[in-house]
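The structure appears right after this line, and notes come after that.
Please read these numbers as outputs of a predicted model, since none were measured by experiment. Atoms within each ligand, like the ligands themselves, are counted from 1 in listed order.
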Amino acid sequence: MIQLKRDYQIDGIRKSCKLLAECLLRLDEEIKPGISTYDIDRLCHDFIKQHHAIPSCLGYCGYPASACVSPNEVVIHGIPSKKIILSEGDIVSVDLCITLDGYVSDSTRTYEVGKVSEDKHKLNVVTKECLDVGIAAASKKGARILDVGAAVFKKAFSEHGYGVVRDYTGHGVGFDVHEEPEVPNFIDRSFPNPRIKPGLVFAIEPMINMGSWQVDVLRDGWTVVTRDGKPACHWEHTVAMTENGLEVLTVL
Ligand code: MF3
Ligand code: CO
């Protein structure tokens, strides 16, 4: 069941989203060669706690950290580790959910560590563009959920030949980390296709692979990697449909 949010609830979700946006923006200055994915998780955890919020991923379905930190061929759900130290040329996505006064926000950015290769940079730029075209599709009058995936898929695969991950999707958010509806990044008419009505709050999150769309889960039960070992990028915003149109919440 889709839970539409009232205005005062969107106000609460918006506050949670702004705090999350600030956290991810601050990481920009911290993510440099030599930092470990554990250090990134600690920075997120400490920031969230200092602002009296809760890292919603910690303990969610048994997940062992506050942030999902996914370098290079890791698509999503990378478990932070002191042993994973980033170097010049790496890319790394940081996916974070926070709960503030009971309201959940969800956002992801992919960071470039020092100078990265042209093809990694292009993958990152195009993945961010996929998020932007997904948001634009959702903003159109009368838009439905599957319009998002149609726009993302066209940009990623039709225009650039990138692999679009099929095993994971965007989702409703606000009261919980994952709510209905699912928001796929591809076209599949077997998914429900509700109209994007005022009160709908959801996360749009293209996961785009440089090579094939296929992924595997490592034996830790979490880490999702590309099957061909090529890099992947991930960008995500929480958005809300209001009477005044679609609002991107996880921006400052
Ligand atoms: N933030 C993730 C998402 O975008 C959810 C992570 S689930 C966790 O849907 F358990 F790994 F934390
Ligand atoms: Co999400």
Considering only protein heavy atoms, which is closest to [atom], and at what distance to one decimal place?
| atom | result |
| --- | --- |
| atom 5 (C) of ligand 1 | His178 NE2, 3.7 Å |
| atom 3 (C) of ligand 1 | Asp106 OD2, 3.3 Å |
| atom 7 (S) of ligand 1 | Tyr60 CD2, 3.8 Å |

Side-chain donor or acceptor of Ser93 paired with backbone N/O of Arg109 under 3.5 Å:
no

With a cut-off of 2.8 Å, does any N, O or S atom of Asp95 fall short of it relative to the Co ion (ligand 2)?
no

May I ask you to check whether His171 brings an N, O or S atom to under 2.8 Å from the Co ion (ligand 2)?
yes

If hydrogens are left out, which of Asp95, Val94, Ile79 has an atom nearest to atom 2 (C) of ligand 1, that is, the closest non-hydrogen atom?
Asp95

I'd like the name of whichever of Gly59, Cys61, Cys57 reaches closest to atom 6 (C) of ligand 1 through any heavy atom.
Cys57

Salt-bridge test for Arg14 and Asp11: reply yes if a basic N is under 4.0 Å from a carboxylate O, no otherwise.
yes

Have a look at Pro181 and tell me which of Leu200, Asn193, Ile196 forms a side chain to side chain contact (heavy atoms under 4.5 Å, CB included) with it.
Leu200

Could you check whether the rings of Tyr60 and His178 sit parallel, tilted or perpendicular, using 30° and 60° as the cut-offs?
perpendicular

Check each atom of ligand 1 against the heavy atoms of [X] and keep those under 4.0 Å away; list them by number with element.
| X | value |
| --- | --- |
| Cys97 | 1 (N) |
| Glu236 | 4 (O) |
| Glu205 | 3 (C), 4 (O), 9 (O) |

Taking it one step at a time, do Asp132 and Lys128 satisfy salt bridge (charged side-chain N to carboxylate O under 4.0 Å, His left out)?
CA-CA 6 Å; Asp132 293 339; Lys128 174 64 166 60; 3.2 Å; yes

Test of understanding: given a 4.0 Å heavy-atom threshold, classify the contact between Tyr168 and ligand 1 as side chain, backbone, both, or neither.
neither

Within 45° of the six-membered ring axis of Phe175 and under 6.0 Å from that ring's centre, is NZ or CZ of Lys5 located there?
yes

Distance-only N or O hit between ligand 1 and Thr108, under 3.5 Å
no

Applying salt bridge (charged side-chain N to carboxylate O under 4.0 Å, His left out), run through Arg26 and Glu30 and close with a yes or a no.
CA-CA 7 Å; Arg26 287 199 187 183; Glu30 307 286 343; over 6 Å; no

